[in-house]
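First the structure, in the form of structure tokens, and then the observations on it.
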Amino acid sequence: MPVRNTRETYGLVSRLLHWLIAVPVLSLIPVGWYLGGLSEESILYWRLLELHETLGLGVFTLILARIGWFLIDPSPDLPSTLLPWERNAARLTHRVLVCALVFIPVLGFLFVASDGEPVELYGLVAIPPVGHWSKDVRETLFDLHAYTAYACATLAAVHILAALKHHFVDRRSSLRRIAF
Ligand code: HEM
Ligand code: HEM
């Protein structure tokens with residue numbers, strides 16, 4: 001498999017980044033949702049929150065790397081078997097997903113880091129707070145984090161269903177372009 005993309009298919013770096021981002025994102029959403037139902041007094045809440053924050057900041061780093069790689073290595077042409085509206089929808093979906101994965105972790109981080117306390121990750125890393133912001137601003141940041149995350153989950157579901165339909169119903173090779 002070539003390291004870089006060709007006109008027809010994704011190369012090794014794009015495929016690795018796609019799955020290194022997709023798998024944590026697909027777990028961050030249910031974990032975030034589950035956290036909402038846990039009491040802050042339970043140890044599980046703090047363990048899962050630390051996991052959520054660490055994975056979320058990891059996704060943020062990887063999406064910046066993905067954007068850098070987009071600039072160095074343009075994506076292959078979309079399969080010629082797609083209808084024009086499907087190509088436009090696929091291109092738009094990919095762009096919105098990438099933008100969402102920049103904003104969601106930033107909003108989550110600002111929410112956590114604006115209570116005046118450092119953000120501690122497993123007691124190993126302590127990221128300094130960004131300040132001590134008002135309750136209203138912090139609530140808005142949290143709401144935006146939650147809404148954009150659920151909007152991203154919906155779009156990711158459409159993306160996955162479209163990929164599966166294209167592979168299993170239309171019997172085209174798009175899944176093989178990104179899988180290993
Ligand atoms: C791509 C990355 C991320 C995704 C997809 C994501 C997704 C979510 C979701 C779906 C929720 C549940 C919202 C609700 O129903 O109320 C949530 C909650 C939360 N997220 Fe994230 N998140 C991400 C990154 C981060 C980061 C980087 C941080 C902080 C460093 C963070 C901090 C939080 C906090 C504090 C909560 C609230 C937990 C609670 O209920 O007490 N998230 N996240
Ligand atoms: C089971 C889960 C998933 C499957 C089966 C899947 C499938 C695919 C396929 C087949 C392509 C290539 C489309 C083409 O032919 O050009 C692709 C590209 C892409 N996917 Fe996914 N995907 C999954 C999860 C995700 C998730 C969770 C995200 C982000 C939230 C995501 C974001 C993207 C983006 C941005 C692209 C464009 C190329 C790239 O950045 O690497 N995918 N996906």
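Numbering of ligands and ligand atoms starts at 1, following listing order.
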Legend entry - ring-ring contact (aromatic ring centres under 6.0 Å, His included) partner of F142, the single match among F111, Y147, W133: F111
Inset, instruction - Identify the residue among V106, V112, L107 that makes a side-chain contact (heavy atoms from CB on, under 4.5 Å) with H145. - result: L107
Legend entry - For L175, the ligand 2 atoms whose distance to one of its heavy atoms is below 4.0 Å: 5 (C), 10 (C)
Inset, instruction - Consider every N or O of Y150 and every N or O of ligand 1, then say whether any pair is closer than 3.5 Å. - result: yes
Legend entry - Distance filter under 4.0 Å to I29 heavy atoms, resulting ligand 1 atoms: 5 (C), 10 (C)
Inset, instruction - Measure L17 to ligand 2 on non-hydrogen atoms and call it side chain, backbone, both or neither using the 4.0 Å cut-off. - result: neither
Legend entry - Closest approach of any protein heavy atom to atom 11 (C) of ligand 2, naming residue and atom: I178 CG2, 3.9 Å
Legend entry - Atom indices of ligand 1, in the order listed, that fall short of 4.0 Å to a heavy atom of G56: 24 (C), 27 (C)
Inset, instruction - Would you mind listing which atoms of ligand 1 come within a distance below 4.0 Å of any non-hydrogen atom of G36? - result: 40 (O)
Inset, instruction - Drop me the distance from D73's CG to R4's CZ, to the nearest 0.5 angstrom. - result: 4.5 Å
Inset, instruction - Take every heavy atom of F60, measure it against each atom of ligand 1, and state whether any distance is under 4.0 Å. - result: no
Inset, instruction - Using a strict cut-off of 4.0 Å, indicate which atoms of ligand 1 neighbour a heavy atom of F111. - result: 35 (C)
Legend entry - Partner of R66 by side-chain contact (heavy atoms from CB on, under 4.5 Å), out of L17, L20, V13: L17
Legend entry - Side-chain donor-acceptor contact under 3.5 Å, T93 with H159: no
Inset, instruction - Note the single closest protein heavy atom to atom 9 (C) of ligand 1, along with its residue, its atom name and the distance in Å. - result: G32 CA, 3.8 Å
Inset, instruction - Mark the output for W19 as yes if a heavy-atom distance to ligand 2 is under 4.0 Å, and as no if none is. - result: yes
Inset, instruction - Please note down the angle at atom 21 (Fe) of ligand 1 between NE2 of H145 and NE2 of H52, to the nearest 10°. - result: 170°
Legend entry - Subset of ligand 2 atoms that lie under 4.0 Å from at least one heavy atom of V98: 35 (C)
Legend entry - Joint cluster assignment, V98 & L92, ILVMFWY side-chain distance < 4.5 Å: no
Legend entry - Atoms in ligand 1 flagged as close to P105, the criterion being non-hydrogen separation under 4.0 Å: 27 (C)
Legend entry - Taking every non-hydrogen atom, the tightest pair across G56 and P105: O-CB, 3.8 Å
Inset, instruction - Heavy atoms only: give me the nearest A113-V119 pair and the separation to one decimal. - result: CB-CG2, 3.7 Å
Legend entry - Polar atom proximity, E40 to ligand 1 (N or O, under 3.5 Å): no
Inset, instruction - Work out which heavy atom in L48 is nearest to a heavy atom in L35; give both atom names and the distance. - result: CB-CD2, 3.8 Å
Legend entry - Mode of A163 contact toward ligand 2 - side chain, backbone, both, neither (heavy atoms, under 4.0 Å): side chain
Inset, instruction - List every atom of ligand 2 that sits less than 4.0 Å from any heavy atom of S174, numbering the atoms from 1 in the order shown and giving each element. - result: 10 (C), 15 (O)
Inset, instruction - Find all atoms of ligand 1 within a distance of less than 4.0 Å from any non-hydrogen atom belonging to L57, and give their numbers and elements. - result: 27 (C)
Legend entry - Options I104, L97, V25, ranked by nearest heavy atom to atom 28 (C) of ligand 2, top entry: L97
Inset, instruction - Closest by any non-hydrogen atom to atom 7 (C) of ligand 1: pick that one out of G58, A149, G108. - result: A149
Inset, instruction - Look at atom 24 (C) of ligand 2 and say which protein heavy atom is nearest, naming residue and atom and giving the distance to 0.1 Å. - result: A22 CB, 3.7 Å
Legend entry - Gap separating the CD1 atom of I67 from the CG atom of L71, nearest 0.5 angstrom: 8.0 Å
Legend entry - Check: R138 side chain, H132 main-chain N or O, donor-acceptor pair, under 3.5 Å: no
Inset, instruction - Looking only at protein heavy atoms, identify the closest one to atom 41 (O) of ligand 1 and say how far it is in Å. - result: Y45 OH, 2.5 Å
Legend entry - Closest protein heavy atom (residue, atom, distance) for atom 16 (O) of ligand 1: F142 CZ, 3.2 Å
Legend entry - Distance-minimising heavy-atom pair for C152 and L101: SG-CD2, 4.1 Å
Legend entry - Closest approach of any protein heavy atom to atom 2 (C) of ligand 1, naming residue and atom: L28 CD1, 3.6 Å
Inset, instruction - Identify the protein heavy atom lying closest to atom 34 (C) of ligand 1, giving its residue, its atom name and the separation to 0.1 Å. - result: L49 CD1, 3.9 Å
Inset, instruction - Determine the sole option in R177, R15, R176 for which the side-chain hydrogen bond (donor to acceptor under 3.5 Å, both in side chains) test with T9 is passed. - result: R15
Legend entry - Verify same cluster id: Y10, F180 (apolar side-chain graph, 4.5 Å): yes
Inset, instruction - Examine the proximity of ligand 2 to L164 and report which part, side chain or backbone, both or neither, has a heavy atom under 4.0 Å away. - result: neither
Legend entry - Option nearest atom 39 (C) of ligand 2 (shortest heavy-atom distance, choices H94, R177, R66, H159): R66
Legend entry - Contact (N/O only, under 3.5 Å) between Y10 and ligand 2: yes
Inset, instruction - Kindly give the heavy-atom pair with the smallest separation between P24 and W19, and that separation in Å. - result: CD-O, 4.0 Å
Legend entry - For atom 23 (C) of ligand 2, closest protein heavy-atom neighbour: H18 CE1, 3.5 Å
Legend entry - Inter-residue atom distance L16.CG - I21.CD1, 0.5 Å rounding: 10.5 Å
Inset, instruction - Kindly give the heavy-atom pair with the smallest separation between N5 and G11, and that separation in Å. - result: OD1-N, 2.8 Å
